Amino acid sequence: MFLYTRLFFSIMPSAATVRRSMTSISSSMSIKHGISLWCPQSPSLSRQHSGVVYSRSFHRRNFVVSASSSFANENREFVIVGGGNAAGYAARTFVEHGMADGKLCIVSKEAYAPYERPALTKGYLFPLDKKPARLPGFHTCVGSGGERQTPDWYKEKGIEMIYEDPVTAIDAKKQTLTTNSGKTLKYGSLIVATGCTASRFPEKIGGNLHGVHYIRDVADADSLISSLGKAQKVVVVGGGYIGMEVAAATVAWNLDTTVIFPEDHLLPRLFTPSLAQKYEELYQQSGVKFMKGASIKSLESGPDGNVTGVKLGDGSTIEADLVVIGIGAKPAVSPFDSAVTLNSTVGGIEVDGLFRSNVPGIFAIGDVAAFPLKMYDRISRVEHVDHARGSAQHCVNALLTAKTHNYDYLPYFYSRVFEYEGSSRKVWWQFFGDNVGEAIQIGNFDPKIATFWLDSGKLKGVLLESGSPEEFQLLPKLARSQPSIDKVKLQNAASVEEALEIAKASL
């Protein structure tokens with residue numbers, strides 16, 4: 001346990017009150033350096049983690065109120081940069097601690113209050129006659145059963161929102177940010193929650209042609225929906241999460257769809273070849289075509305500049321009047337890469353188990369954070385909504401309270417597709433843990449199928465398709481406990497239910 005002194009703003013006047021008071025005082029006396037409102041410190045204790053040294057000392061956070069305010073934001077004690085899941089869940093945690101009203105400012109490049117981003121490649125892409133998801137229906141934090149945080153919610157909680165004005169520069173010494181419109185913002189503690197940007201094809205091979213789409217935000221999704229309504233032949237580039245979910249959506253639009261990717265099977269980072277085959281067959285039954293192991297030379301266009309096809313490495317061309325690129329994402333570190341340390345292996349801003357960067361007062365959460373994955377003793381960067389939520393809550397709790405335990409995340413991934421009205425088969429799978437070791441597959445995909453990963457006799461990871469609520473709830477318990485399991489007994493299980501019972505008994 002680390003001892004330190006903390007000053008709570010609940011016993012102090014608000015920043016707005018201080019500014020008003022200081023303005024009246026400044027008429028009779030000059031205040032050169034302002035007032036420091038918060039500067040907690042603690043003894044330092046460093047630790048070594050995977051070759052990276054992290055300091056256990058709480059970062060000093062100096063929030064200075066200038067007598068003559070030249071800053072655009074009213075709320076300056078805490079500033080969050082980003083408008084996605086992590087920002088929304090961080091805001092909720094500030095509210096829960098009573099530290100949002102008059103203290104928290106959120107700066108976003110988007111025109112909307114934070115929302116549950118996974119909806120954009122799922123329900124948002126449904127045709128209009130199949131009840132698609134739309135805002136305000138999926139603002140955070142409805143994805144975890146929480147309150148829907150609409151723009152009015154932020155106003156009611158006293159949270160200052162700056163929309164459509166991305167941060168373009170940071171001065172860590174002065175603790176200021178500059179936005180695209182030229183605003184200068186002041187912060188005491190800064191939380192970077194900028195997420196990722198979609199990886200793009202280079203312009204020289206057609207990456208910016210009309211009819212070529214990337215999907216990362218509402219504007220991207222709206223543009224894609226507009227094109228889907230006029231398209232006939234769609235090519236989806238990429239066999240990962242985005243590719244699978246977009247291809248499932250195009251089936252609902254009754255479009256000729258081809259998915260192209262360089263790997264041997266779908267979702268190779270997680271699926272085994274035999275598991276991927278089951279999903280590929282399901283898509284093919286819905287009319288989706290796959291071109292596996294294919295490379296792309298360029299995207300072709302007509303005289304009007306619209307995309308007309310995808311030229312492959314073997315010289316052949318796949319016709320298309322709409323192309324969706326889903327080849328991954330890059331952590332959105334700019335402009336903070338000029339101030340903090342980045343991780344050269346997994347990318348993103350390097351943080352410790354409390355999401356503190358190497359610069360005092362600067363934190364990073366969600367997709368952009370490279371953090372210690374405690375369970376597996378490695379540095380990781382996770383692009384998933386579950387981590388966005390969890391990292392946001394953990395960071396703010398550590399920032400505002402005496403909690404100093406490190407983030408202990410259990411990797412979790414899921415996908416839900418073909419869930420629109422009229423679909424003959426809905427798909428919903430969940431995975432927990434680490435997909436290392438030998439994979440044992442149980443079930444016939446009718447609709448259930450499960451894969452268990454065993455390493456040295458211990459269960460490391462488990463994936464389940466179409467499980468019951470009780471079965472899905474069992475998965476994280478198994479993955480976190482890593483019990484020893486009789487491999488032969490598991491392999492001989494006659495059903496998914498029996499296999500899960502064997503695993504459950506090993507707890």
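Note that the structure is predicted; figures quoted are calculated from it, not measured.
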* Ile215 and Leu125: CA distance, side-chain angles, deciding distance, side chain to side chain contact (heavy atoms under 4.5 Å, CB included) verdict -> CA-CA 11 Å; Ile215 185 164; Leu125 295 184; 4.2 Å; yes
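- Residues Tyr154 and Gln149 bring a donor and an acceptor atom of their side chains to less than 3.5 Å of each other.
- The number of heavy-atom neighbours closer than 6.0 Å to NZ of Lys477, taken from other residues, nucleotides and ligands shown, is 12 or below.
- The one candidate from Leu474, Asp386, Leu410 that meets the side chain to side chain contact (heavy atoms under 4.5 Å, CB included) condition with Phe432 is Leu410.
- A distance-only check finds a donor-acceptor pair linking the side chain of Asp486 to the backbone of Val488 [under 3.5 Å].
- In this structure, Glu164 does not pair ionically with Lys109, as no charged nitrogen and carboxylate oxygen lie closer than 4.0 Å.
- Distance check, rounded to the nearest 0.5 Å: CG of Asn435 to OG1 of Thr451 gives 10.0 Å.
- Remark: aromatic rings of Tyr279 and Phe445 are close, center separation under 6.0 Å.
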* Asked: Would Cys141 and Glu147 satisfy side chain to side chain contact (heavy atoms under 4.5 Å, CB included), going step by step from the backbone distance to the final call?
  -> CA-CA 6 Å; Cys141 297; Glu147 186 177 0; over 6 Å; no
Only pairs under 3.5 Å count here: list side-chain donor-acceptor contacts from residues 388-398, not counting sequence neighbours, and write none if there are none.
from: Arg389; atom 1: NE; to: Tyr89; atom 2: OH; distance (Å): 3.1
from: Arg389; atom 1: NH2; to: Glu116; atom 2: OE1; distance (Å): 3.1
from: Ser391; atom 1: OG; to: Gly366; atom 2: N; distance (Å): 3.0
from: Ser391; atom 1: OG; to: His387; atom 2: O; distance (Å): 2.7
from: Ser391; atom 1: OG; to: Ala388; atom 2: O; distance (Å): 3.3
from: His394; atom 1: NE2; to: His405; atom 2: O; distance (Å): 2.9
from: His394; atom 1: NE2; to: Tyr407; atom 2: N; distance (Å): 3.3
from: Asn397; atom 1: OD1; to: His97; atom 2: NE2; distance (Å): 2.6
from: Asn397; atom 1: ND2; to: Gln393; atom 2: O; distance (Å): 3.0

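- More than 12 heavy-atom neighbours from other residues, nucleotides or ligands sit within 6.0 angstrom of CD on Glu96.
- Residue pairs meeting the side-chain hydrogen bond (donor to acceptor under 3.5 Å, both in side chains) criterion with at least one partner in residues 423-433, sequence neighbours excluded, are absent.
- Counted within 6.0 Å of NZ on Lys487, heavy atoms from surrounding residues, nucleotides or ligands total 12 or fewer; the atom is thus considered open.
- At a cut-off of 3.5 Å, with distance as the only test, no side-chain donor of Gln284 or Lys289 sits close to an acceptor on the other residue.
- Ion pairing between Arg117 and Asp217 fails under the 4.0 Å rule for side-chain N and carboxylate O.
- Atom CG of Asp264 sits in a sparse spot, with 12 or fewer heavy atoms from other residues, nucleotides or ligands closer than 6.0 Å.
- A cation-pi geometry, defined here as NZ or CZ lying under 6.0 Å from the six-membered ring centre and within 45° of its normal, does not hold between Arg381 and Phe371.
- Judged as a ring pair (Phe, Tyr, Trp, His ring centres under 6.0 Å), and not counting sequence neighbours, the contacts of Phe94 are Phe78.
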* List the steps and the verdict of side chain to side chain contact (heavy atoms under 4.5 Å, CB included) for Phe336 and Val81. => CA-CA 10 Å; Phe336 309 101; Val81 178; 3.9 Å; yes
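- Residues Thr341 and Asn358 bring a donor and an acceptor atom of their side chains to less than 3.5 Å of each other.
- Within the 3.5 Å criterion, the main-chain N or O of Thr345 finds a donor-acceptor partner in the side chain of Asn343.
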* Asked: Can you check ring-ring contact (aromatic ring centres under 6.0 Å, His included) on Phe413 and His384, steps first, answer last?
  -> CA-CA 7 Å; Phe413 299 99; His384 194 266; 5.3 Å; yes
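- The side-chain hydrogen bond (donor to acceptor under 3.5 Å, both in side chains) pairs that include a residue from residues 498-507 number zero, where partners must be two or more places apart or lie in different chains.
- With 3.5 Å as the limit, one finds no donor-acceptor pair spanning the side chains of Tyr187 and Glu77.
- Evaluation of the ring-ring contact (aromatic ring centres under 6.0 Å, His included) test over residues 110-129, restricted to residues two or more places apart or in two chains, returns Tyr115-Phe138, Tyr124-Phe138, Phe126-Tyr420.
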* When you look at Ile449 and Lys278, which way does the side chain to side chain contact (heavy atoms under 4.5 Å, CB included) test go after all the steps? -> CA-CA 9 Å; Ile449 193 168; Lys278 298 291 186 182; 3.9 Å; yes
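- A salt bridge links Glu280 to Lys292: one of the charged nitrogens lies within less than 4.0 Å of a carboxylate oxygen.
- Of the charged side-chain nitrogens involved, at least one lies within less than 4.0 Å of a carboxylate oxygen, so that Glu497 and Lys448 count as a salt-bridged pair.
- Counting only residues at least two apart or in different chains, ring-ring contact (aromatic ring centres under 6.0 Å, His included) contacts with residues 487-507 are absent.
- Judged purely by atom type and a 3.5 angstrom limit, Ser357 uses its side chain to pair as donor or acceptor with the backbone of Ile362.
- Checked for salt-bridge contact, Asp367 and Arg216 meet the test: a charged N lies under 4.0 Å from a carboxylate O.
- Seen from the ring of Tyr241, Lys122 does not count as a face-on cation partner, given the 6.0 Å and 45° thresholds.
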